[in-house]
Amino acid sequence: MRTFTIPLTPPYSFERLLQRLQTHPDPQLEVQPENGLLRRVFRVGTRPVLTRVQFVGELEKPALQIETSSSLSAAEQQELERTIRHVFSADLDLLPIYEQMREEPELAVLVKRFRGLRLMHDSDLFQSMVKTIIGQQINLTFAANLTQRLLTLAGDEVEDENGVKFLAFPTAESVARLSVEELRPLQFSQRKAEYIIDYARAIVDGKVDLERLWTMEDEEIIAHLTALRGIGRWTVECMLMFGMGRPDLLPAADIGLRNGIWLVYNRDTKPDEAEIRRIGERWAPWRSIYSLYIWEAVGAVKRKEVWEE
DNA sequence: GTCCAGGGTATAT
DNA sequence: ATATACCATGGA
């Protein structure tokens with residue numbers, strides 16, 4: 001079976017998802033906004049499978065229609081479906097979270113404006129961490145450029161029926177085989193190149209077991225991974241949030257979050273990390289979703305969306 | 001030209 | 001313990 005449908009939990013705004021992609025470029029995704037269509041490669045096991053994801057239905061009755069370029073066994077299709085449900089945050093019920101967010105007037109505006117917005121998660125924890133390390137300190141455009149160059153250097157190529165090429169994110173094994181000298185010409189800093197390669201080697205050597213992370217608590221994972229050089233608290237918080245889909249993370253060191261809180265709460269100064277953690281206490285146990293909506297307020301301003309009412 | 005981007009580490013006090 | 005320099009580049 002090459003085509004199947006995945007029902008989504010309403011409300012689900014595919015439009016907001018596409019708008020977020022404008023300010024958060026993803027080199028793995030081909031986007032055809034006019035058709036509500038995305039294409040990218042997902043790995044099933046280790047095999048890269050080119051997949052077409054089309055949004056069908058509407059905000060309050062949404063679904064995804066999936067089509068793969070090669071045929072899959074029943075077990076493979078089940079695995080792909082699980083991955084896609086995770087990536088598109090298909091099962092999160094936003095309504096109880098909205099109830100809580102509406103308790104703050106500054107956030108009630110965001111609930112109304114961004115109804116149905118969810119996070120797009122990373123499809124696996126290796127790429128989640130690598131992309132987060134790449135994103136440390138630099139702007140999103142440059143980060144996307146670096147990720148694209150890493151894909152070109154070490155990713156696996158897949159072609160569609162017309163010979164259009166797509167790249168699957170490199171495996172830990174292929175990144176572990178790279179040298180710093182290969183990443184430097186791609187404009188990775190010396191340190192960043194070392195961090196990424198060291199991380200891939202820790203996985204290949206079995207010093208880090210990504211599967212085991214799914215059985216661990218947030219703080220346990222933070223303690224475990226920040227022991228690695230180049231991986232600080234912010235990086236693990238992002239991996240927990242974007243990679244694992246954990247609901248209650250607050251990357252308080254994040255510059256975007258600082259700017260967002262400054263904007264949304266209309267403060268006269270940017271809050272520091274301690275201040276953000278204090279404000280975020282009342283967002284528990286949904287701090288990840290609150291963070292997303294705060295970030296997207298900044299995104300809307302960058303896109304020059306009219307910000308009124 | 002300057003400053004800032006979804007930070008983290010190394011070094012100096 | 002806390003402060004500062006540094007990374008590498010693009011866009012405002």
Side-chain angles (χ1 to χ4, degrees), chain A residues 17 19-28 110 114 117-122 125 127-150 152-153 180-199 202 221-246 248-264 269-277 279-280 283 287-304:
Chain A
L17 185 148
Q19 277 164 338
R20 184 169 161 76
L21 286 170
Q22 291 174 20
T23 45
H24 296 72
D26 180 348
Q28 293 184 79
L110 302 182
F114 298 143
L117 169 72
R118 294 136 201 283
L119 211 51
M120 263 190 95
H121 296 127
D122 295 309
L125 300 185
Q127 71 166 282
S128 184
M129 185 69 95
V130 171
K131 281 159 61 181
T132 306
I133 294 171
I134 288 177
Q136 289 170 356
Q137 171 57 18
I138 58 178
N139 64 65
L140 294 169
T141 311
F142 185 38
N145 288 341
L146 292 179
T147 303
Q148 169 65 46
R149 291 171 197 157
L150 179 65
T152 307
L153 179 70
V180 172
E181 290 70 31
E182 287 173 279
L183 291 179
R184 292 289 287 130
L186 310 188
Q187 296 176 316
F188 282 70
S189 67
Q190 176 75 23
R191 289 270 171 78
K192 201 164 275 193
E194 291 168 7
Y195 297 163
I196 289 164
I197 292 170
D198 287 352
Y199 171 68
I221 295 171
I222 290 171
H224 181 53
L225 293 178
T226 51
L228 300 172
R229 185 166 165 271
I231 298 176
R233 187 180 182 94
W234 174 89
T235 304
V236 187
E237 286 172 336
C238 286
M239 192 216 65
L240 286 161
M241 191 167 160
F242 295 99
M244 301 186 80
R246 295 275 169 104
D248 198 24
L249 271 298
L250 184 70
D254 187 88
I255 187 67
L257 207 50
R258 291 185 65 192
N259 289 334
I261 288 173
W262 185 35
L263 169 75
V264 170
T269 57
K270 281 191 199 183
D272 62 13
E273 186 167 343
E275 181 76 2
I276 289 182
R277 293 205 189 280
I279 292 171
W283 302 350
R287 279 172 275 206
S288 301
I289 291 85
Y290 278 71
S291 297
L292 170 62
Y293 279 65
I294 297 277
W295 274 324
E296 209 42 26
V298 180
V301 170
K302 280 186 186 162
R303 290 190 302 265
K304 304 188 193 306

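In what follows, every chain begins at residue 1, and chains take the letters A, B, ... in the order their sequences are listed. Heavy-atom basis, side chains included; hydrogens, waters and symmetry copies ignored.
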**Prompt:** From Q127(A) CD over to T147(A) OG1, what is the distance, rounded to the nearest 0.5 angstrom?
**Reply:** 9.5 Å

Filtered N/O pairs between nucleotides 7-10 of chain B and protein, under 3.5 Å:
unit_1  : atom_1 : unit_2  : atom_2 : d
dG7(B)  : OP1    : I255(A) : N      : 3.3
dG7(B)  : OP2    : Q137(A) : N      : 3.3
dG7(B)  : O5'    : Q137(A) : N      : 3.1
dG7(B)  : O4'    : Q137(A) : N      : 3.3
dG7(B)  : N7     : Q137(A) : OE1    : 3.1
dG8(B)  : OP1    : G232(A) : N      : 3.2
dG8(B)  : OP1    : G232(A) : O      : 3.4
dG8(B)  : OP1    : T235(A) : N      : 3.0
dG8(B)  : OP1    : T235(A) : OG1    : 2.6
dT9(B)  : OP1    : G230(A) : N      : 2.8
dA10(B) : OP1    : R229(A) : NE     : 2.8

**Prompt:** Is the closest side-chain heavy-atom distance between E237(A) and L250(A) below 4.5 Å?
**Reply:** no

**Asked** Rounded to the Å, how far apart are N145(A) CG and dA5(B) C1'?
**Response** 13 Å

**Request:** Pick base, sugar-phosphate or nothing for R258(A), based on heavy-atom distances below 4.0 Å to the nucleic acid.
**Result:** nothing

**Asked** Counting just side-chain N and O atoms, does N259(A) come under 4.0 Å of either OP1 or OP2 of dA5(B)?
**Response** yes

**Prompt:** Is K302(A) near enough to dA5(B) that one of its side-chain N or O atoms lies under 4.0 angstrom from OP1 or OP2?
**Reply:** no

**Request:** Only counting residues at least two apart or in another chain, list the ones meeting side-chain hydrogen bond (donor to acceptor under 3.5 Å, both in side chains) with R287(A).
**Result:** D248(A)

**Prompt:** With sugar-phosphate meaning primed atoms plus P, OP1 and OP2, does R20(A) contact a base, only sugar-phosphate, or nothing at under 4.0 Å between heavy atoms?
**Reply:** base

**Message:** Less than 4.0 angstrom from a charged side-chain N to a carboxylate O is my criterion; do E296(A) and R303(A) meet it?
**Reply:** yes

**Request:** Grab the CZ-P distance between R303(A) and dG11(C) for me, whole Å please.
**Result:** 19 Å

**Asked** Say you pick atom C1' in dA5(B) and the same atom in dT2(C); how far apart are they, in whole Å?
**Response** 24 Å

**Given DNA chain C, 5'-ward residue of the pair T141(A) and S189(A), judged by closest heavy atom** = S189(A)

**Request:** Can you tell me which residue pairs pass the salt bridge (charged side-chain N to carboxylate O under 4.0 Å, His left out) test with a partner in residues 251-263 of chain A, sequence neighbours excluded?
**Result:** none

**Message:** If I take atom NZ in residue K270(A) and atom C1' in nucleotide dC3(B), what distance separates them, rounded to the nearest angstrom?
**Reply:** 10 Å

**Request:** Kindly give the heavy-atom pair with the smallest separation between Q187(A) and L146(A), and that separation in Å.
**Result:** O-CD2, 3.6 Å

